[in-house]
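Everything on this sheet refers to the single structure shown next.
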Amino acid sequence: MNILEVFGKNLRNYKLKRGISQEKFAELCALHRTYISDIERGQRSISLGNIQKITDALEIETYRLFLENDNDKN
């Protein structure tokens, strides 16, 4: 799995674990919903600034979104 897919899968899992809709999550991050959708599907590269916005909204440490087998997401 490539890094974009790992990041997107982890983002989706953390978001769902917290019961946050994609639209609400986009608002929390101050990003567009379709941008979040593209990231979750591994279709979009992402800047460091936006990674920080996402991890702040999820209230997790940044590295967790890059772990291919992150046990905390289940």
Side-chain angles (χ1 to χ4, degrees):
M1 191 176 298
N2 76 41
I3 194 68
L4 294 177
E5 291 171 350
V6 169
F7 188 95
K9 180 179 176 184
N10 287 334
L11 167 56
R12 182 180 309 115
N13 287 336
Y14 276 108
K15 182 177 60 71
L16 292 174
K17 180 179 177 182
R18 285 163 176 73
I20 304 171
S21 71
Q22 196 172 71
E23 187 171 346
K24 179 64 177 173
F25 185 70
E27 289 176 22
L28 291 172
C29 297
L31 298 169
H32 198 275
R33 185 198 58 78
T34 59
Y35 181 72
I36 297 297
S37 174
D38 287 348
I39 294 168
E40 287 183 2
R41 292 182 289 116
Q43 301 296 311
R44 178 78 70 115
S45 291
I46 182 169
S47 72
L48 292 174
N50 287 342
I51 290 170
Q52 187 67 56
K53 288 179 183 182
I54 287 169
T55 57
D56 287 348
L58 290 172
E59 299 177 344
I60 61 170
E61 295 183 48
T62 304
Y63 77 91
R64 292 203 150 306
L65 292 178
F66 293 96
L67 297 175
E68 191 161 351
N69 294 306
D70 189 359
N71 293 324
D72 188 38
K73 67 182 174 235
N74 293 321

Would you say L28 ends up clustered with Y35 if hydrophobic residues are merged whenever their side chains have heavy atoms under 4.5 Å apart, either directly or through other cluster members? yes
Are S45 and L4 close enough, and set up right, to give a side-chain contact (heavy atoms from CB on, under 4.5 Å), and what steps lead you there? CA-CA 7 Å; S45 291; L4 294 177; 4.2 Å; yes
Please enumerate all residues that pass side-chain hydrogen bond (donor to acceptor under 3.5 Å, both in side chains) together with T34, with sequence neighbours excluded. H32
Distance col, row L65:CG vs T55:OG1, nearest 0.5 angstrom, shows 6.5 Å
So which heavy atom on L67 is nearest to which on N10, and how close? O-ND2, 2.8 Å
What pair of heavy atoms forms the shortest contact from I20 to F25, and how long is it? CG2-N, 3.5 Å
Scan residues 37-65 for pairs that pass ring-ring contact (aromatic ring centres under 6.0 Å, His included), counting only residues two or more places apart or in two chains. none
Going by the rule side-chain hydrogen bond (donor to acceptor under 3.5 Å, both in side chains), which residues pair with D56 if we only count those two or more places apart in sequence or in a different chain? Q52
Could you list the residues that satisfy ring-ring contact (aromatic ring centres under 6.0 Å, His included) with F66, not counting sequence neighbours? F7
Which pairs count as salt bridge (charged side-chain N to carboxylate O under 4.0 Å, His left out) when at least one residue sits in residues 32-43, sequence neighbours excluded? R12-E40, K15-E40, D38-R41, D38-R44
Taking the side chain as C-beta and beyond, is there a heavy-atom pair between I54 and I46 under 4.5 Å? yes
Other residues, nucleotides and ligands only: do more than 12 of their heavy atoms fall within 6.0 Å of CD on E23? no
S37 side, atom OG; L11 side, atom CG - distance, nearest 0.5 Å: 10.0 Å
Between CD of Q22 and CD1 of I39, what distance do you get to the nearest 0.5 Å? 9.5 Å
